[in-house]
Each structure stands twice: as structure tokens, then as C-alpha cells.
Amino acid sequence: SKNSSNKPLKIPLHPAPCTLKKMKLPAEIFLALRYLKPKRTFVSIITLLSILGPTLGVAILLIVSSVMAGFDRDIREGIMSMQAHLTAYPVLSESFAKPLEIVEQLKKHGLKSTPVIEGNALIQIRKQILPKVIRGIVPDLEKEVTSIQRNYFHPGHILKEGEVILGARLAMMTGLREGDEFLIHSPARLTKNIVWKEDGGVEMRDSEELYLPEEVRVAGFYSMGVADYDDNVLVMHLDQAAELMGLDWGSASSIQIAVPDPMQMNTLTEKLKQEFPLCQFVTWQEKNKLLFGTLQVEKNLMTFLMTFIVLVASFCIATTLITVVVQKTREIGVLKAVGMPGFAIARIFLLQGAIIGVLGTGLGVTLGLTVMALRDRIASLLSTIMGHEIFPAELYHLMKIPALTTPTDLLLIISLSLSICILAALIPAIYAAALQPAKALQEDN
């Protein structure tokens, strides 16, 4: 025993791993996490429901915003693929007599352009008659202005007289195949012998000319991705369109122009109006002003309405935290009695709201992006279950559900969700900070 009492103690310089103490969290974060997790169970049902609110709200808001942004992008791209950036129309007549001269003048300004003839017609496939739109083009010039020929199923095909290119959807609906022939009737030629009198009566003028419809052959198909074009527009050579519409060969109903910057062309348009006083210039925005205006209003309205889903989730968070404050009234009284300031008490519940917001927002963003990635499969499954198409192209103008998630929209949704969740925790935090220690310790709960 003497040896043991006199023997110096050896203290290890490095403690064993099992003796290392865990890193301590700040009191506010520790209590915030503890209040979110009950003592007897692994997870709180109330906490899960609180997280589920912002999760669903953020997911739905992200899905709606992405779909509306995709609508705007896809329809814009489809229109700009079929239409030129700028279109010139004659002011004093129905058509340009010498459009190629204007094309050469525009070329001197560094602008690519092409003459076009557009008009209504009736196509006859056996006993079936359908109203459609005829578009006459000059293939060599058209490919420099629009993307029609790049969307051919046979991109290298040169369109000739007597041939037409159909939209793939129109061919599917009518059963036309490559090489099939059908008739095209011109309303302009059909009504050529009808004369309106000054008194409002109608007179049929005798004509020695015999009306015959145009017989054309299907040379190929195209797909622009926009149902309005793929269902209704037939592309043919300019000279044949002129004959069909009763115009002189070499004439055109409009001249379509491609500009360097289609988003900024006000200055260029004004300059062209001064140099070509006999032409009326219409931009692609002006042609489709109503459509894009409607899409923007729908996007803003849907985003505004979907924000209320996140607001409803915030009420769920506020209710949960108020319940926690009531349950922890005595503990709050003890904390204040030992000297914890009211601002620190408030931070506990603000941190709870922030934690719920971060978890709910993260899960909501993940869920929303997953749904967007699998949107076509989900739509196909829902169509099979419901027994009808849930995204008809005739109604929505597009072939498939669009989606465009921009970083700006994503950051805006995340910021909005986190802000609402933290603000939802503000009232419970203020209530907890205002509790008097003496009254809080007298509570029975």
C-alpha cells in the first residue's frame, strides 16, 4: 500500500475516444430541435404535418410556375419558327406586284426576307371537305427567314409545284400518306362570278371559264410542335399558291423579314416605315399580342392563387408552435426565472419555424422537380386511369406538357416559402417572450 500511495499517478495526455464530449449546440438551437421532437416517440405527428404544409405548397407553386413559363416559351418558339420577326403588307392593294424588288432593297439593309402568300382554302379528301390555310413560299428564300423547312421530316426535300407539305397531325387525322393526292378548292375562285349590287342584291355573272380545283400530291410532313400550325397549315410553292388564290404569278400577299434581334426592333421598324411608305410593318409581338398577354395574365394569376397554399401552410405552422408554447409554458417560466432573456426565448420559436420552413421547402422543391421530370409519364398514367386525354393539343395548342424552371423563379419560390414560415413563427415567439415567469410557473400544463 505504501508503494501504491507513494507512486505518482500517470495522467494520459490524450483522452480515449470514448471520453470525448459531444459538441454542444447553442441553447436556442438545442431547445428548438428538442421541442420539435417528443420525448416518448421518435418523431412528432404534429411536426410532420407542419412540414407537409410547406412541402405541398412549394411543390404545387413550383409546378404551376414551371408549366406556365414553359407554355410561354414553347408557344413563343413555335410562333417564331412559323412566322417571321417582321411582316410587311401592302397598303394600297391586296398584294405586292413585284415583291422580289422589295426583297432586294431589304437585302441592302442587311435583312433577309421572303415573299409569302397566305389564304384560306378548302381541301377535299374523297367526300371529306375541311377548311385549312394555304401558305405559299419560295423554298430558297424561306429557309433563311423561318424554320419551316428545318422541321420537315425530310429536310433536304425541295418543294416543287404540284406538291404540298402537311402537318403530321393533319396527316394522321385525314389518313394521308406521302404520295397521296387530294384536291384544294379556292374560295376566291369559287366566288369570282358572284357580284354584289348597290342595293344589296346578289348577281351571278356568266363566265366562259370552267372552274377546276387544284390537284396536289403529298410530298412530306412537318411538325412545329404547335397544334394550330400542325393541324391547319399546308405549305406549297409560291407560284401555285398565287394561281390558287387568283393572284398574278410573281406576286405575294406579304413579305416576311428576319431581323438580328427580334426582342429589340422598334428603332428598325420605324426606320423601315420611313423608307417604305407603301408598306405596313407588323412585328411578331403585335401579331400575337393577345395570346402572350393572356398567357402572362394567367401565369401571374396562377402564381398569386398558389401563394395562398403556402399561406395556409403557414397557419398550420403557427398553430403547431402556439400549441408547443402552451405545452411548454412552465419550462419557459423556468428559463426566464434563471435569467434567459425574452429575445432568446423568441429565437427558440423563430428557429423552429425556420427549421420547419427549410425542411418543407427542400422537400417541396424536390417533389416539384421530380413531378416536372416525370410529367409526361404521370399524364399518360392519369389519362389511362381517367379514360380520356388530360392534355388535349386542340385545347392547349401544344403537343406535350411544357416545363421551364428558371433559377429566378426557383429562388423566388424558396425565398417566399422561407419568409412565410418564419413570419408564421413570429406570433408564437412574441407570445412566449412576453410570458411572465411567476404566472408561467403557476400553470398546470
Just distance, no hydrogens or angles: give the donor-acceptor pairs under 3.5 Å from side chains in residues 160-167, sequence neighbours left out.
from : atom 1 : to   : atom 2 : distance (Å)
E163 : OE1    : H157 : NE2    : 3.0
E163 : OE1    : K160 : N      : 3.2
E163 : OE2    : R217 : NH2    : 2.6

- Task: Taking side chain to side chain contact (heavy atoms under 4.5 Å, CB included) as the test, write out the residues that go with T87, two or more places apart.
- Result: Y89, S254, Q256, K287

- Task: Could you list all the side chain to side chain donor-acceptor pair (under 3.5 Å) pairs where at least one residue sits in residues 106-121, not counting sequence neighbours?
- Result: H109-E275, K112-E144, E118-R135

- Message: Side chains of L86 and L272, heavy atoms from C-beta outward: is any pair under 4.5 Å?
- Response: yes

- Task: Indicate yes or no for a side-chain donor-acceptor contact from T384 to the backbone of S380 under 3.5 Å, with no hydrogens or angles considered.
- Result: yes

- Item | Heavy-atom pair of closest approach, residues T366 and T370 | O-OG1, 2.7 Å

- Would you mind listing every salt bridge (Lys or Arg N to Asp or Glu O under 4.0 Å) that reaches into residues 89-102, with sequence neighbours excluded? none

- Item | pair V233-M224: side-chain heavy atoms closer than 4.5 Å | no

- Item | Pairs where residues 405-418 contributes a residue and the test salt bridge (Lys or Arg N to Asp or Glu O under 4.0 Å) is met, not counting sequence neighbours | K299-D409

- Message: Counting C-beta onward and ignoring hydrogens, is there a side-chain heavy-atom pair between I137 and L238 closer than 4.5 Å?
- Response: no

- Task: Flag the pair P139 / Q149 as yes when at least one side-chain heavy-atom distance between them is below 4.5 Å, and no otherwise.
- Result: yes

- Message: Restricting to side chain to side chain contact (heavy atoms under 4.5 Å, CB included), what partner residues turn up for P213, sequence neighbours left out?
- Response: L183, H185, Y211

- Message: Would you say NZ of K273 has more than 12 non-hydrogen atoms from neighbouring residues, nucleotides or ligands within 6.0 angstrom?
- Response: yes

- Under 3.5 Å: donor-acceptor pair, side chain of Q240, backbone of H237: no

- Query: Sequence neighbours excluded, which residues qualify as side chain to side chain contact (heavy atoms under 4.5 Å, CB included) partners of Q128?
  - Reply: L130

- Can you name the side chain to side chain donor-acceptor pair (under 3.5 Å) partners of T405, sequence neighbours left out? S66

- Hits for salt bridge (charged side-chain N to carboxylate O under 4.0 Å, His left out) against R375, two or more places apart or cross-chain, chain-then-number order -> none

- Message: Can you pull out every ring pair (Phe, Tyr, Trp, His ring centres under 6.0 Å) where at least one residue sits in residues 244-290? Sequence neighbours excluded, please.
- Response: W284-F292

Going by atom type alone, with no hydrogens or angles, which donor-acceptor pairs under 3.5 Å involve a side-chain atom of residues 421-429 and a protein atom two or more places apart or on another chain?
none

- Keeping to residues at least two apart or across chains, list the salt bridge (Lys or Arg N to Asp or Glu O under 4.0 Å) pairs with something in residues 119-133. none

